[in-house]
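Remember, it's 1-based here, ligands and their atoms both numbered in the order they're listed.
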Amino acid sequence: MIDVLASNESPAHRMMRRLDELVKFSDEDGALTRLYLSKAHREAAKQFIAWCAEAGVDAKIDASGNVWGRYEGKAPGAPALMLGSHIDTVRNAGRYDGNLGALAALAVVEALAASGERLDHAVEIVAFGDEEGVRFPTTLTGSRALAGLFARAALDQKDADGVTMRDALVAFGCDPDGVGALRGRNIAAFVELHIEQGPVLEAENLAVGVVTAINGATRLHAKVVGLAGHSGAVPMGLRRDALTAAAEMMLLIEARARIEDDLVGTVGRVDVEPGAVNVIPGEVRFTVDIRAPRDEQRRRAVSDISKRLSAIAATRNVELTLTQTHEAGAYACHASVIAGLKDSVERVYGAPARLLPSGAGHDTMVMGQLCPAGMLFLRCKGGISHNPEESITTEDAEVGLTSLIDFTRHFQAGPKRAT
Ligand code: GLV
Ligand code: MN
Ligand code: MN
């Protein structure tokens, strides 16, 4: 084993190398797909624990599948600054979304451990297991568990193969009954380093930015039931085609989202039954994801869309069932964390910090219900994310990491900063 604390490799280079190494833990050959509680997730978690051990941190998998470790401060049991992000991915993902923040947390602790430096506060590292919500209908399971917000009913949700979250947790080696009892104790603040996933920093030629707020999101599951029939024998006027009805619904969602600034609506997955060239589709299921920076704006859009989809279903004589699978309110990052990150970026980068909102959802929005929370964004090439083309530079990673280390050193757990 290399003694990482004594190695000459720079922290940013080591983090980038590990990001490349984590790619091999995938549920799919030739692509990065690491779903919550899958074999690849288990292997990535084990690798993460092994890297924590090299830094002298005894990390463990908690009841919900998060990896969680603690680097003590000067006095054992001191309040903690928690750093981290998620290690699950979307299908055919890029390697930086989530993984960057989890490995950056570890790199911060390594930087302290290399010289035996102890702070007034502890530093906790977390690699959340489910932020993407790709496997089960629900999302942000890891941070919800840690924030004490896990809804027990989620244990009965099933993945596409009919496996419940409860059974998947047991297969992963976790205790489903323990998830609801998890809650981070004595956590003074949570900070997440993440790629921007948008084009603003690149357009302004900036390596990093400080996040002010995170969009709220609602996810729905739509089921449209018509009548399967012979594609040659049933005249057009007598059909109850579930797919053409769903297509009209999808265009309505797009049109509704387009009429308001900042509102976005996406249909990301469609399943068609029976799915044969000569059969009129009898059933279509699709997902809807609606986001906005203002909760009231998002709720109004969801209500409008629901009504208009029902009207389309009635006109086309199909049945529509809409089920809400996720809702997260917009989160305004904590003023003390924003101020601390801004100071750090300015010390490290030598220029006024760019403040910007996040269109994507993040674990920070849930952790913000437990403690003051905030985020640092890193420029990503072309603003591309949720795509294997995701790309960052080692130079930018170094600015991000150095700012996070600086923030950690200057952090004060008391009322002055983080309440
Ligand atoms: C996670 O990446 C999300 O915003 O859906
Ligand atoms: Mn992410
Ligand atoms: Mn993501």
Side-chain angles (χ1 to χ4, degrees), residues 19 22-23 26-27 31-36 40-41 44 48 66-67 83-105 126-144 146 190-198 201 209 211 213-221 257 262-269 287-293 298 324-331 333 356-368 373-380 383-392 397 400:
L19 282 159
L22 269 192
V23 173
S26 173
D27 297 313
L32 173 56
T33 299
R34 191 184 305 136
L35 302 190
Y36 179 42
H41 176 203
F48 195 85
N66 301 322
V67 179
L83 304 173
S85 190
H86 59 99
I87 55 169
D88 67 318
T89 74
V90 293
R91 294 183 195 281
N92 198 16
R95 64 190 60 186
Y96 302 104
D97 177 0
N99 292 288
L100 170 72
L103 285 171
V126 67
F128 290 115
D130 168 45
E131 186 267 0
E132 300 288 5
V134 172
R135 178 166 180 186
F136 296 99
T138 189
T139 184
L140 293 161
T141 307
S143 42
R144 276 189 207 283
L146 214 57
F190 173 77
V191 175
E192 180 172 10
L193 174 68
H194 203 283
I195 54 168
E196 183 200 340
Q197 307 181 280
L201 294 174
V211 178
I214 303 172
N215 264 359
T218 301
R219 291 185 183 177
L220 307 170
H221 184 268
D262 301 333
L263 179 71
V264 287
T266 306
V267 173
R269 178 173 180 150
T287 58
V288 186
D289 177 303
I290 297 166
R291 306 189 192 207
R298 173 175 47 85
Q324 184 175 299
T325 53
H326 167 70
E327 173 157 40
Y331 175 66
C333 294
L356 74 171
S358 170
H362 296 287
D363 293 300
T364 296
M365 65 206 293
V366 176
M367 290 303 287
M375 299 187 77
L376 188 61
F377 266 176
L378 201 73
R379 159 171 56 191
C380 61
I384 295 172
S385 181
H386 282 187
N387 183 316
E389 296 298 311
E390 247 172 39
S391 173
I392 64 171

State, with a plain yes or no, whether a side-chain heavy atom of [X] is found less than 4.5 Å away from one of [Y].
{"X": "D130", "Y": "R135", "value": "no"}
{"X": "H386", "Y": "D97", "value": "yes"}
{"X": "T141", "Y": "F136", "value": "no"}
{"X": "L140", "Y": "H86", "value": "no"}
{"X": "L32", "Y": "L22", "value": "no"}

side-chain contact (heavy atoms from CB on, under 4.5 Å) between R34 and N99, worked out: CA-CA 11 Å; R34 191 184 305 136; N99 292 288; 2.9 Å; yes
Taking heavy atoms and a distance under 4.0 Å, where does R291 meet ligand 1: side chain, backbone, both or neither? side chain
Which one holds for E131 and ligand 1: side chain close, backbone close, both close, or neither close, with close meaning a heavy atom under 4.0 Å? side chain
Under 4.0 Å to a heavy atom of [X] - the qualifying atoms of ligand 1, by number:
{"X": "E132", "answer": "1 (C), 2 (O)"}
{"X": "R219", "answer": "5 (O)"}
{"X": "A360", "answer": "4 (O)"}

Using the Mn ion (ligand 3) as the vertex, how large is the angle between OE1 of E132 and OD2 of D97, rounded to 10 degrees? 140°
Between H194 and F377, how do the two ring planes meet: parallel, tilted or perpendicular, split at 30° and 60°? tilted
Evaluate D97 for polar contact with ligand 1, using N/O atom pairs at a separation under 3.5 Å. no
Would you say H362 reaches the Mn ion (ligand 2) with an N/O/S atom under 2.8 Å? no
Please work out the angle at the Mn ion (ligand 2) defined by atom NE2 of H86 on one side and atom NE2 of H194 on the other, rounded to 10°. 110°
